[in-house]
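Scroll down for the structure; my scribbles are underneath it.
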Amino acid sequence: KELVTEITTAEEKYDVMNTQRNPWQGAEQYILPMGIAIVAFVARYFTDACAPISSICSNTSEFLGHVYVAIFTLMIIVSAGSIKSGFEYFKELLPLLTGGKLDVAKLKTS
């Protein structure tokens, strides 16, 4: 009975650690907006072709341009924390990359 409880707790720990290692964790906040922005970018290319002929195409092209610029801007704002921490981590690794010594005590692990 004691062995069964140890196995069960080990399985639970493994499941938690495995879900934390998921490389696609949090990707949904990037995949859907990027998909919409790419579709808007491609659609704008085609509406630009008929823009000199019709004002509807011209207005649609302008709207689609605003859509993908707004999406990219909002994604940069949402990702600002990750971008900032990435730059801080790079600054801490820079001495190692340039051949100096790395102070392991300063490194922050997340």
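- The environment of Phe46 atom CZ is sparse: at most 12 non-hydrogen atoms of other residues, nucleotides or ligands sit within 6.0 angstrom.
- Here the straight-line distance linking atom CD1 of Ile31 with atom CD1 of Ile36 works out to 12.5 Å at 0.5 Å rounding.
- Put simply, Phe41 and Phe63 are part of the same group of oily side chains (I, L, V, M, F, W, Y) that touch within less than 4.5 Å, one to the next.
- The heavy-atom pair separating Ala43 from Leu64 by the smallest distance is CB-CD1, 3.6 Å.
- Connectivity analysis of hydrophobic side chains (ILVMFWY, heavy atoms under 4.5 Å, direct or indirect) links Val4 to nothing; its cluster partners are none.
- When side chains are defined from C-beta on, Phe72 does not count as touching Pro33, because their heavy atoms never get closer than 4.5 Å.
- Of the possible donor and acceptor atoms, one in the side chain of Ser85 sits under 3.5 Å from a partner among the backbone N and O of Ser82.
- The CG atom of Leu74 sits 10.5 Å away from the OG atom of Ser79 when rounded to the nearest 0.5 Å.
- Judged as a side chain to side chain donor-acceptor pair (under 3.5 Å), the pairs with a partner in residues 41-54 (not counting sequence neighbours) are, in order, Arg44-Ser61, Arg44-Tyr68, Asp48-Ser61.
- Both Tyr30 and Val69 sit in one connected hydrophobic cluster of ILVMFWY residues. Membership requires side-chain heavy atoms under 4.5 Å apart, directly or through other members.
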